[in-house]
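Note sheet for the following structure.
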Amino acid sequence: MPDVAAYAIDSPTGRYAKTTITRRDPGPTEVFFDIHYTGICHSDIHTARGEWGPITYPFVGGHEIAGVVSQVGSEVTKFAVGDRVGVGCFVDSCRECDMCRQGEEQFCTGRPGTVWTYNGVGRDGEPTAGGYSTGITVEQDYLMRVPEEMSLEHAAPLMCAGITLYSPLKRWGAAPGKRVGIVGMGGLGHMGVQISAAMGAETIVLGRSLAKRDDGLRLGATDYVSTQDRDAIKRLRGSFDLIVTTVSDGVDLDGLLKLLKAHGVLVNVGLPERPSSIHLGVLTGQARVLAGSNIGGIRETQEMLDFCAEHDLAPMIEMIDADRIDEAYDNVVASKVRYRYVIDISTI
């Protein structure tokens with residue numbers, strides 16, 4: 001069983017430290033790949049710090065993973081040594097329930113259920129550990145192929161941030177002739193702007209300030225409006241077909257719903273810590289829809305990667321060394337990173 005270097009944290013208030021973890025040898029249908037880059041997602045932080053409930057320590061975060069295959073099992077048919085691959089938020093599921101058969105393994109209802117890339121339990125009965133490590137063993141059916149046109153460091157964040165925005169934009173019909181609003185221009189939102197614009201929709205960023213206006217317009221937005229500008233927001237009422245909000249606090253659902261046309265859809269992909277409320281009349285009066293969205297399944301995530309490669313879309317990243325994970329976490333929480341941190345795993 002291969003031992004790999006990793007960075008782990010041992011308590012909700014602890015700090016990441018270098019360690020060694022054991023990965024299983026690849027079984028007949030499994031692949032072991034060397035990790036080159038891993039993105040830092042806000043979900044990593046919530047989980048590591050115990051903010052979403054109890055977790056198993058020591059904890060190795062990271063579910064935006066990209067690297068190169070170095071070993072394959074005897075029955076592997078989808079990948080070969082040297083292939084560039086990625087892993088997202090989960091690494092296994094039952095494969096037999098309705099959700100799995102529909103290609104939505106993230107909603108698996110069978111046993112063992114969706115096996116998350118970290119803080120889960122694998123089929124071997126061992127806790128799963130994420131991409132803040134130099135290698136990982138994964139079933140071939142839960143890997144994505146990184147397109148040749150895409151660098152591995154840019155592919156990594158797409159495994160979560162990319163699919164989190166691609167899935168609702170596709171599902172709810174971002175397309176030519178549609179007006180789409182993206183609330184928040186951070187690690188998620190800046191991907192939403194690019195994807196929505198590439199789908200052909202008129203795309204407007206709704207941000208708290210205009211600090212990232214130039215970036216938003218360069219990435220494909222046709223306008224960038226401050227949510228603090230009451231007059232500008234009032235002029236937008238009843239004009240959007242679809243709004244995706246990526247922010248995780250201070251969400252004015254009633255205000256955003258009023259920006260929608262009749263039958264328009266407001267999709268939330270952020271996870272506020274406190275309960276939210278709405279006036280139902282704002283929904284029913286114009287037959288508006290309030291929806292939530294998660295990640296996507298393996299098939300849709302591969303589709304997203306191919307779409308981004310075809311349209312030359314990429315996350316805006318800041319590369320960091322592995323010994324700076326704690327600093328990165330603090331900066332993310334304090335909104336001191338503009339878009340997405342990516343760990344250079346070669347520094348472990």
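If you read the sequence from its start, that first residue is 1, and numbering goes on from there.
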task: Please check if any side-chain donor atom of T20 sits under 3.5 Å from a side-chain acceptor atom of D3, or the reverse.
output: no

message: Distance alone, cut at 3.5 Å: any donor-acceptor contact between the side chains of Y132 and D44?
response: yes

query: Salt bridge between E104 and R299, side-chain N to carboxylate O under 4.0 Å?
result: no

task: Verify whether one side chain among S151 and H154 offers a donor that lies under 3.5 Å from an acceptor in the other.
output: yes

- line: Shortest non-hydrogen pair, L305 vs M159, comes out as CD1-CE, 3.8 Å

message: What verdict does the side-chain contact (heavy atoms from CB on, under 4.5 Å) test give for C41 and H63, after you've listed the backbone C-alpha separation in whole Å, the side-chain angles of each residue and the deciding distance to 0.1 Å?
response: CA-CA 8 Å; C41 175; H63 62 202; 3.6 Å; yes

- prompt: Just wondering, do N119 and T128 contact through their side chains at under 4.5 Å, heavy atoms?
  reply: no

message: Checking the side chain of R288 only, and the main-chain atoms of A262 only, is there a donor and an acceptor separated by less than 3.5 Å?
response: no

field: Hydrophobic cluster of M99, others only, ordered by chain and residue number, side-chain cut-off 4.5 Å
entry: F107

message: Using a 3.5 Å distance criterion without hydrogens, assess whether the side chain of Q194 forms a donor-acceptor pair with backbone atoms of A314.
response: yes

- line: Distance col, row I233:CD1 vs L259:CG, nearest 0.5 angstrom, shows 5.5 Å

task: Check whether more than 12 heavy atoms from other residues, nucleotides or ligands sit under 6.0 Å from atom CG of D124, and answer yes or no.
output: yes

- request: Using modelled atom types only, decide if a donor and an acceptor are shared between the side chain of S133 and the backbone of G130 within a distance under 3.5 Å.
  value: yes

- prompt: Rounded to the nearest 0.5 Å, what separation is found between the OG1 atom of T245 and the CG atom of L290?
  reply: 10.5 Å

query: Residues two or more places apart in sequence or in another chain: which of them pass salt bridge (charged side-chain N to carboxylate O under 4.0 Å, His left out) with E202?
result: R179

Shortest non-hydrogen separation from I21 to A129 and the atoms involved: CD1-CB, 3.9 Å

Y142 side chain near S93 side chain, heavy-atom distance below 4.5 Å: yes

query: Is the backbone N or O of G187 less than 3.5 Å from a side-chain atom of H190, with the two atoms forming a donor-acceptor pair by type?
result: yes

statement: Which of W116, Y7, Y118 passes ring-ring contact (aromatic ring centres under 6.0 Å, His included) with F59? Answer is Y118

task: For the residue pair E139 and T29, confirm or rule out a side-chain donor-acceptor distance under 3.5 Å.
output: yes

- request: Give a yes-or-no answer on whether the side chains of Q302 and D306 include a donor-acceptor pair shorter than 3.5 Å.
  value: yes

- prompt: Is any side-chain N of the basic residue among D330 and R49 closer than 4.0 Å to the acidic one's carboxylate O?
  reply: yes

query: With distance as the sole test, does T301 use its side chain to make a donor-acceptor pair with the main-chain N or O of G297 at under 3.5 Å?
result: yes

query: Could you state the interatomic distance from NE2 (H42) to OG1 (T47), rounded to the nearest 0.5 Å?
result: 10.5 Å

- request: Return yes if some donor-acceptor pair links the side-chain N/O of D229 with the main-chain N/O of A232 below 3.5 Å, else return no.
  value: yes

message: When you compare the side chain of D241 with that of V180, does any pair of heavy atoms fall below 4.5 Å?
response: no

- prompt: When you measure from the side chain of T117 to the backbone N and O of C89, does any donor-acceptor pair fall under 3.5 Å?
  reply: yes

task: Please check if the side chain of S196 supplies one atom and the backbone of V193 the other of a donor-acceptor pair under 3.5 Å.
output: no

query: S209 and Q228: side-chain donor and acceptor closer than 3.5 Å?
result: no

message: Is it the case that over 12 heavy atoms from other parts of the model lie below 6.0 angstrom from the CZ atom of R145?
response: yes

task: For I325 and I343, run side-chain contact (heavy atoms from CB on, under 4.5 Å): C-alpha distance rounded to whole Å, both residues' side-chain angles, the deciding distance at 0.1 Å, then the answer.
output: CA-CA 8 Å; I325 294 173; I343 304 168; 3.8 Å; yes

message: Restricting to ring-ring contact (aromatic ring centres under 6.0 Å, His included), what partner residues turn up for F307, sequence neighbours left out?
response: Y166, H311

- prompt: For atom CG of D98, is the number of surrounding heavy atoms from other residues, nucleotides or ligands below 6.0 Å larger than 12?
  reply: no

statement: Between the CG atom in L217 and the OG1 atom in T203, the distance rounded to the nearest 0.5 Å is 11.5 Å

- request: Identify whether NZ of Lys or CZ of Arg in K178 sits under 6.0 Å from the centre of the six-membered ring of F240 and within 45° of that ring's axis.
  value: no

task: May I ask you to decide if R208's main-chain N or O and S226's side chain share a donor-acceptor pair within less than 3.5 Å?
output: yes

task: Verify, without hydrogens or angle tests, whether N331 (side chain) and V337 (backbone) share a donor-acceptor contact under 3.5 angstrom.
output: no

- prompt: OG1 of T38 to CD of E64: how many Å apart, nearest 0.5 Å?
  reply: 9.0 Å

- prompt: Any Lys/Arg nitrogen of R338 or E318 sitting under 4.0 Å from an Asp/Glu carboxylate oxygen of the other?
  reply: no

task: Decide yes or no on side chain to side chain donor-acceptor pair (under 3.5 Å) for E105 and T114, but give the supporting numbers first.
output: CA-CA 7 Å; E105 303 92 343; T114 305; over 6 Å; no

- request: Measure the CG-CD1 distance between L206 and I243 for me, rounded to the nearest 0.5 Å.
  value: 6.0 Å

query: Does the side chain of S346 pick up a donor-acceptor pair with the side chain of Y37 at under 3.5 Å?
result: no

- request: Specify the closest pair of heavy atoms between A198 and L313, including all atoms of both residues, with the distance to one decimal.
  value: CB-CD1, 3.9 Å

message: Between Y339 and D215, is there a side-chain donor-acceptor contact under 3.5 Å, judged purely by atom types and distance?
response: yes

side-chain contact (heavy atoms from CB on, under 4.5 Å) evaluation trace for M191 with T164: CA-CA 9 Å; M191 284 308 308; T164 297; over 6 Å; no

query: At their closest point, which heavy atom of G14 faces which heavy atom of D326, and how far apart are they?
result: O-OD1, 4.4 Å

task: Applying salt bridge (charged side-chain N to carboxylate O under 4.0 Å, His left out) between E30 and each of K78, R23, R123, R24, report the one that passes.
output: R24

query: Is there a donor-acceptor contact under 3.5 Å linking the side chains of Y329 and Y341?
result: no

- request: Provide the closest heavy-atom pair for H279 versus D254 in the form atom of the first, atom of the second, distance.
  value: ND1-OD2, 2.5 Å

